[in-house]
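First up is the structure itself, then whatever we jot down about it.
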Amino acid sequence: MATLTTEMAAAPREAQSARFAALRRREQWRYLFLLAPALVFLTAFYGYPVASMLMRAFYDPSWGGQNFAPLVEASSTVEVLGLSLPMNVYLRVFWITLQIALVTTVCTLLLGYPVAYALSSISPGRANLLMMLVLIPFWTSILVRSYAWMVLLGQEGIINEALTAAGAIENPIRLLNTRFAVYLGMVHILLPFMILPLYAVMRGIDRNLMRAAGNLGAPPAAVFRRIFLPLSLPGIAAGCLLVFILSLGFYITPQLLGGQRDVMVSMLIQQQVDLLKWGFGSALALVLLVLALVIYLVFTRLLGVERVFGSARA
Amino acid sequence: MTATANREMRGDPDGLGALGARVVFDRIEKRYGAVVAVNDVSLDIAPGEFVTLLGPSGSGKTTTLMMLAGFEIPTAGEIYVDDDPIAAVPPYRRNIGMVFQNYALFPHMTVGENIAFPLQMRRMSRAEIASKTGEVLELVGLPGYEGRYPRQLSGGQQQRVAVARALVFNPRVLLMDEPLGALDKQLRERLQLEIKALHEQLGVTIIYVTHDQEEALIMSDRIAVMNEGLIEQFGQPTDLYDEPATRFVADFIGESNFIDGTLTQHDGATACVDVSGLGELHAPARPGYAAGTVVALTVRPEKIVAAENGSAPGMNAVAGVVEDVVFVGEMRRYVVRMPGGQRLVLKAQNRIGVQNFERGDPIRVCWNVADGRIV
């Protein structure tokens with residue numbers, strides 16, 4: 001003990017704190033080192049290709065903004081809230097894309113919310129078991145699942161066969177290659193992306209708050225509307241954002257299940273690539289990316305997600 | 001004087017708090033599968049009374065409270081509030097206030113909105129809500145806090161808001177589930193006195209759950225000591241402390257010595273307990289005990305004194321050896337090993353004239369026979 005005290009007294013304080021500072025720095029470098037492989041990989045194989053692809057919009061086939069011109073060229077006009085806006089085939093595709101993404105988001109929310117609520121209300125052990133069911137779709141590729149829907153929905157598909165056999169219909173009804181089929185397939189594929197963030201937020205809601213509200217005189221409907229729903233808002237925001245932005249870029253499902261009129265931006269881009277019009281394809285991709293970013297920013301700002309998140313944690 | 005009379009004397013018969021209701025638990029039982037959480041509990045709580053359910057965790061005290069609040073439905077029995085059976089009434093129609101263990105304040109609402117919530121559920125007018133909210137915040141000592149969010153408040157302030165929210169709709173019964181458990185000792189002691197003062201002022205019936213026996217003794221009119229789903233004893237704090245009904249109560253409330261022995265003689269006013277290696281000790285007789293039963297003689301440490309020649313009539317006297325001494329500040333706590341091997345704890349005031357002993361010293365201790373009790 002005595003020797004230790006003497007040593008401590010003898011050690012110059014500056015040297016000591018310099019040594020500690022060096023230790024802290026080394027610690028920080030160690031974390032950076034852990035990040036490095038992923039960082040290098042992403043930059044080389046994702047960041048660089050995406051950037052160079054997007055740049056093509058400005059120089060392929062020649063420098064300038066000519067790749068964006070077809071988007072603003074008006075071939076007709078459309079009335080929105082009394083305003084006459086330019087419209088052309090490309091803008092219409094963007095419009096359809098937004099429409100499909102919106103309907104898909106609303107449907108997944110309506111279907112996913114009750115599921116997440118139920119999962120978050122039962123014991124965690126049982127919820128994990130049921131969560132497997134929610135996640136099973138992830139084990140099969142989107143392509144396979146879209147083909148499965150084709151088998152179900154086709155003219156000679158299972159549903160039409162069954163309905164005809166039951167005598168409900170005389171001639172097969174058109175199910176495949178419709179907007180309805182696109183919604184069906186996309187909702188099916190995107191539902192887990194809605195349920196997971198909803199579930200995560202709902203698990204974190206203190207159930208004593210529901211009890212307290214009941215104790216204070218709130219019937220179940222009021223407990224839900226005044227307490228549970230507002231506290232689950234961060235989950236709704238996260239789920240909707242995720243589903244909406246994933247929907248914007250959907251390709252395989254609308255391609256396989258949709259009709260001729262259900263063209264989404266990603267399909268349009270693929271067409272341009274087929275025609276070797278790389279520049280215009282890049283321009284479309286850039287617009288889609290900016291659209292997604294703008295929607296993200298507007299959405300988070302409108303809902304004030306940070307504020308809601310902050311209060312739910314308190 | 002009862003709290004009700006108190007309020008009427010002050011000419012405030014219908015102030016903020018409604019007058020308390022009578023609460024009766026009639027042979028309440030709650031099972032979860034094969035587990036009996038609450039076993040045949042009967043309590044009759046007078047209007048305006050402050051009753052504490054005291055017990056260790058898992059004793060069934062919180063389950064009992066939850067059944068009164070309506071969050072649990074008993075498997076047998078009935079609960080009455082002012083003669084109305086309520087066991088099957090949903091919680092939101094019971095009009096019973098409750099302060100939760102973690103306060104359960106709505107995090108997305110301000111203090112004002114939290115307190116307004118029960119009033120909105122009762123469809124009160126905006127003006128009425130505003131005036132009542134202000135009034136109740138005044139009552140709990142947080143005037144002007146309407147606009148704050150719960151997360152901006154300290155633990156003690158959150159606790160007061162929870163009390164305000166539970167009282168603002170004039171419930172006739174207020175339930176409190178370990179409301180001070182999360183606070184530090186000093187704040188807890190202050191709030192204990194504040195809650196007690198609030199109770200006297202409002203006259204509301206309070207049913208309080210805690211595992212802290214000191215808190216229960218300080219605050220309650222009566223205490224129900226619960227253990228393994230059963231009520232061991234229901235009585236005033238002094239009764240529980242001085243006349244514990246069972247060994248569990250003697251052990252759980254305050255500190256007790258237990259001297260194991262056999263009842264040799266049990267008639268009239270005095271019982272004789274034969275302790276092996278020590279001889280006979282005396283205690284007041286208790287009905288329901290027969291000679292020959294194995295019992296424990298219990299005596300509180302502060303009732304025992306060290307005395308050189310204390311073998312006066314009406315006293316138990318034992319010679320032993322000091323095994324351990326702990327200095328606690330206002331007193332010394334001795335562990336004395338008695339002949340026969342059993343130990344006795346006693347507390348001696350730290351003042352001039354009281355002899356101090358060291359470890360290993362021979363000591364002679366005695367206590368009044370009336371201070372002992374057979375359990």
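Note that the structure is predicted; figures quoted are calculated from it, not measured. Letters A, B, ... mirror the listed sequences (proteins, then strands); counts begin at 1.
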Take atom CZ of A:F228 as the centre, draw a 6.0 Å sphere, and report whether it contains more than 12 heavy atoms from other residues, nucleotides or ligands.
yes

Proximal component of B:L119, with respect to chain A [non-hydrogen, under 4.5 Å]:
neither

How far apart are the closest heavy atoms of A:A212 and B:R165, and which atoms are they?
CB-NH2, 3.7 Å

Which value, rounded to the nearest 0.5 Å, describes the distance between B:M109 atom CE and A:I227 atom CD1?
3.5 Å

Under 4.5 Å to a heavy atom of chain A? For B:F100 that would be side chain

Sub-4.5 Å side-chain heavy-atom contact between A:D206 and B:F106
no

Examine distances only and state if a side-chain atom of A:N215 and a backbone atom of B:I96 form a donor-acceptor pair shorter than 3.5 Å.
yes

Can you confirm whether B:M66 sits close enough to A:R211 that some side-chain heavy atom of one is under 4.5 Å from a side-chain heavy atom of the other?
yes

Interface moiety of B:Q101 toward chain A, non-hydrogen atoms closer than 4.5 Å
neither

Does a sphere of radius 6.0 Å around CZ in A:F33 hold more than 12 heavy atoms from other residues, nucleotides or ligands, not counting ones at 6.0 Å or beyond?
no

Please determine whether the number of non-hydrogen atoms from other residues, nucleotides or ligands lying under 6.0 Å from atom CZ of A:R207 exceeds 12.
yes

Using a 4.5 Å cut-off on heavy atoms from C-beta on, say whether the side chain of B:H108 contacts that of A:L233.
no

Test side chain to side chain contact (heavy atoms under 4.5 Å, CB included) on A:L216 and B:M121; report intermediate values, then the result.
CA-CA 8 Å; A:L216 294 169; B:M121 289 301 128; 5.7 Å; no

Taking atom CG of A:L102 as the centre, report whether more than 12 heavy atoms of other residues, nucleotides or ligands fall under 6.0 Å from it.
yes

B:N95 versus chain A, heavy atoms under 4.5 Å apart: side chain, backbone, both or neither?
neither

Nearest non-hydrogen partners of B:A104 and A:N208, listed with the distance
CB-O, 3.9 Å

Between B:Q152, B:R93, B:Q120, the one whose heavy-atom pairs under 4.5 Å with chain A are most numerous
B:Q120

